[in-house]
Amino acid sequence: MKNWLRKCAAIASAAVMTAVSASSVMPVSAADTTEFPFTVEGEDMEGAKLWTDIYNQQFPGYSGEGFAYLTGDAFSFKVTVPEDGMYQLKVRGVQILDKGGRVETIAINGTEYTKTVPYYDTWTDIDFGVIRLKKGENEISFLNKYGYLAIDYATLEKAVFPDITQADSTTCDADATAETMALMKYLHSVYGKHTLSGQQEIYGGGHSVQTNIRYDAGKDICVDQDGKEYVIDRDSEAVDKDGNKFYWHCSDDVRTYTYDEQNRCYKYDYYDQEFDYIAEKTGKYPAIRGFDFMNYNPLYGWDDGTTERVIEWAKERNGIATACWHINIPTDFENYTPGEAVDWSQCTYKPNHQFKVANAVKEGTKENEYLDLAIADLAEQFKKIQDAGVPILWRPFHEAEGNVSTTDDPIDGSGAWFWWSQDGAVAYKALWNYLYDQLTNEYGIHNLIWQQNLYAWSESSAEWYSGDDRVDIVGFDKYDTQYNRHDGLTSGPNESCNSEVFWPIIRYSNYKKMAAIMENSTIPSVGNIETEQARWLYFCTWYDNGSDNFISGDNYNNTDSIIEMYQSDLCITLDELPTDLYNFSGAPAGTTKPAPTTTETPAGTTTTESGETVYGDANCDGKVEIADATLILQFLTNKDEYQLSKQGLINADVSGNGDGVTGGDALVIQQVDAGIYKITDLPIKE
């Protein structure tokens, strides 16, 4: 007990010293910081020149003496902030050079952001988005990489974030299965509070492992070198090129093995390679497993066991399944007859303009006939999964926009990476709607939570969104290199959380849809997510493939960062999913990281602005920990520098004296941390 009292005294002393030092001796004092909102005239920026017209073309209505025009050297301004944080940058500008939009580049302390600015021939407010500033002095620069942007003035203010937890908690499919609706409710219950961990598995015949199992024709058995026999799949009988009989498949209690003709032994596909790697490093498995249904198709289609693995992951391991669809088309589509077999090497999911996307939804066209065959194959698998009571986070036709358009038409599909978006946003959305209608109405598939990948290259990126009635979750695929980062670092894996994409894509639905990182190379760091407040629903790291080892390669992920994420309070792992996941109806029972719950007080239930009270949670982050005690002591020491919100004041009053926030409340929270009290004991009643 003496050691514990010493610990509490040390914490209290440190907290007070922190408050005092923050307000008086740290370099960034209140007097040094910039007052926000902050506005700077374009012509007053460092390096800028005064313009009053653009080559004799007048633009009346500017403020100040004139404006700045980005034609030569960069120009910039500086601000000083007390802590790392997020700020909104807007420019009042004119862009008359390019009617198709002009890519503009800004740099925050040397780290670049780009934005496509539409054609404006009158002064217009241009939102450059939410940017991250570091504690201390920051330089915001406008770079002349493409340039020719006229700036009347720039405004910087503290970012105000909307309440993202008000997103829809029900599916767009009104007839969704009970399990699907339950999963949607669970996802909504953690959104904005926690991030679910995810990992994509390799598909097809990836990660093959050879064994010493062989077929003994004389004894008609499959046996390994230790004499262990395996069950033969008698329906898989075949003959090799020399006329020797063999069987394609045998099995034991662990897995099914496939015959390798070249080596005349059996092998298996190690689909758990990435998952076992994560478990080895962190002691945890991801909550979400990614699958791909590309191999169920009318061309070279083969059953690689994806359907069974989806069911096993959900039913036996209580995990969540997400799936994409790299659906192939024949490379030589002009000479293809629908229904005929095509070797996999003669197929593609890349752009192929022999295939007209607009025709795919028109009855009587070859494109439509092929698409219907592909959807029928897909529906067959989904029906099996639906009958097993398993929902899927379904992500078809992903990464639609691809790169920014290379023409004057911002939605023509010229930046597309895949055939389904090659003909632009209008044809793409018609394709999306056709797939939705076929699966939902024609085949009665109702176990899908529909997810759509989106981008935020410009305002026109919103034109790719398929609509609130056909989308449940929006998302982004994060493949950014170490040179395209916004975390203030200059080397190592890019652990940015891409808040510059998060906020635009949730605005496409007016914040009605949850947002997730549906594929990623580098996992965002816990610290970056906390600072930037980009509360992605989940991340899902892509698989290792030898050349790009996305989870195990140290050029993509720091092992220490993976461990920190998987073991953090922010992250939900497989073992922390509720035991009633597919019968979920309310607070996530069975998880060790529940969403904050409402606590009854003698006067009834007190709620926060979002409907929740958590006693002891002074900083309103959903957790009760030493940081809350520290904030209380800092608040009591320096209320000008440290503040408690209206709800924080309610949460912090836990000592049971009814005398408001005092040092006694900080002491009680320290006692919770030491195990003397439980969170459920709060507030302490005398």
[Y] and [X], any side-chain heavy atoms less than 4.5 Å apart:
{"X": "Leu431", "Y": "Asn433", "result": "no"}
{"X": "Cys324", "Y": "Phe291", "result": "no"}
{"X": "Ile473", "Y": "Leu187", "result": "yes"}
{"X": "Pro118", "Y": "Glu459", "result": "yes"}
{"X": "Thr195", "Y": "Leu537", "result": "no"}
{"X": "Pro330", "Y": "Cys347", "result": "no"}
{"X": "Ile288", "Y": "Pro286", "result": "no"}

Is [X] salt-bridged to [Y], cutoff N-O under 4.0 Å?
{"X": "Glu112", "Y": "Lys145", "answer": "yes"}
{"X": "Lys383", "Y": "Asp387", "answer": "yes"}
{"X": "Asp272", "Y": "Arg255", "answer": "no"}

### Message
Before you tell me yes or no, could you show the steps for Lys366 and Glu334 under salt bridge (Lys or Arg N to Asp or Glu O under 4.0 Å), namely the whole-Å CA-CA distance, both residues' side-chain angles and the distance that decides it to 0.1 Å?
### Response
CA-CA 9 Å; Lys366 185 163 70 172; Glu334 290 180 356; over 6 Å; no

Less than 6.0 angstrom separating the ring centers of [X] and [Y], yes or no?
{"X": "Tyr434", "Y": "Trp432", "answer": "no"}
{"X": "Phe382", "Y": "Phe293", "answer": "yes"}
{"X": "Trp536", "Y": "Phe502", "answer": "yes"}
{"X": "His398", "Y": "Trp325", "answer": "no"}
{"X": "Trp503", "Y": "Phe161", "answer": "yes"}

Under 3.5 Å, is there a donor-acceptor pair between the [X] and [Y] side chains?
{"X": "Asp260", "Y": "Gln210", "result": "yes"}
{"X": "Ser345", "Y": "Asp343", "result": "yes"}
{"X": "Gln346", "Y": "Thr331", "result": "no"}
{"X": "Arg535", "Y": "Tyr191", "result": "no"}
{"X": "Glu401", "Y": "Ser421", "result": "no"}
{"X": "Tyr270", "Y": "Asp276", "result": "yes"}
{"X": "Asn368", "Y": "Asn359", "result": "no"}
{"X": "His207", "Y": "Asp269", "result": "no"}
{"X": "Asn545", "Y": "Ser547", "result": "yes"}
{"X": "Thr171", "Y": "Asp472", "result": "no"}
{"X": "Asp477", "Y": "Asn453", "result": "yes"}
{"X": "Tyr296", "Y": "Asp303", "result": "yes"}

Distance check, rounded to the nearest 0.5 Å: [X] atom [atom1] versus [Y] atom [atom2]?
{"X": "Asp304", "Y": "Met294", "atom1": "CG", "atom2": "CE", "answer": "9.0 Å"}
{"X": "Ser208", "Y": "Lys267", "atom1": "OG", "atom2": "NZ", "answer": "4.5 Å"}
{"X": "Thr406", "Y": "Asn403", "atom1": "OG1", "atom2": "CG", "answer": "9.5 Å"}

Which residues pass the salt bridge (charged side-chain N to carboxylate O under 4.0 Å, His left out) test with [X], sequence neighbours left out?
{"X": "Glu532", "result": "Arg132"}
{"X": "Lys512", "result": "Asp468"}
{"X": "Asp168", "result": "Lys513"}
{"X": "Glu201", "result": "Arg289, Arg309"}

Can you classify the ring geometry of [X] versus [Y] as parallel (below 30°), tilted (30 to 60°) or perpendicular (above 60°)?
{"X": "Tyr508", "Y": "Tyr465", "result": "tilted"}
{"X": "His326", "Y": "Tyr349", "result": "tilted"}
{"X": "Tyr259", "Y": "Tyr266", "result": "perpendicular"}

Check: residues 515-524 side-chain donor-acceptor pairs under 3.5 Å, at least two apart:
unit_1, atom_1, unit_2, atom_2, d
Glu519, OE1, Tyr479, OH, 2.7
Glu519, OE2, Arg395, NH1, 3.2
Glu519, OE2, Arg395, NH2, 2.9
Asn520, OD1, Cys540, N, 2.9
Asn520, OD1, Thr541, N, 3.1
Asn520, ND2, Thr541, OG1, 3.1
Ser521, OG, Lys478, O, 3.4
Thr522, OG1, Tyr556, O, 2.6

How about [atom1] on [X], more than 12 heavy atoms from neighbouring residues, nucleotides or ligands closer than 6.0 Å, or not?
{"X": "Glu340", "atom1": "CD", "value": "yes"}
{"X": "Trp344", "atom1": "CH2", "value": "no"}
{"X": "Lys384", "atom1": "NZ", "value": "yes"}
{"X": "Arg317", "atom1": "CZ", "value": "yes"}

### Task
For Phe275 and Tyr285, run ring pair (Phe, Tyr, Trp, His ring centres under 6.0 Å): C-alpha distance rounded to whole Å, both residues' side-chain angles, the deciding distance at 0.1 Å, then the answer.
CA-CA 6 Å; Phe275 300 82; Tyr285 281 97; 7.5 Å; no

### Message
Would Trp457 and Tyr113 count as a ring pair (Phe, Tyr, Trp, His ring centres under 6.0 Å) here? Give the steps.
### Response
CA-CA 11 Å; Trp457 298 118; Tyr113 295 73; over 10 Å; no

#### Entry: Partners passing side-chain hydrogen bond (donor to acceptor under 3.5 Å, both in side chains) against Tyr370 (at least two apart in sequence or in another chain)
none

### Message
Less than 6.0 angstrom from the centroid, inside 45 degrees of the normal: does Arg102 satisfy that with respect to the ring of Tyr146?
### Response
no

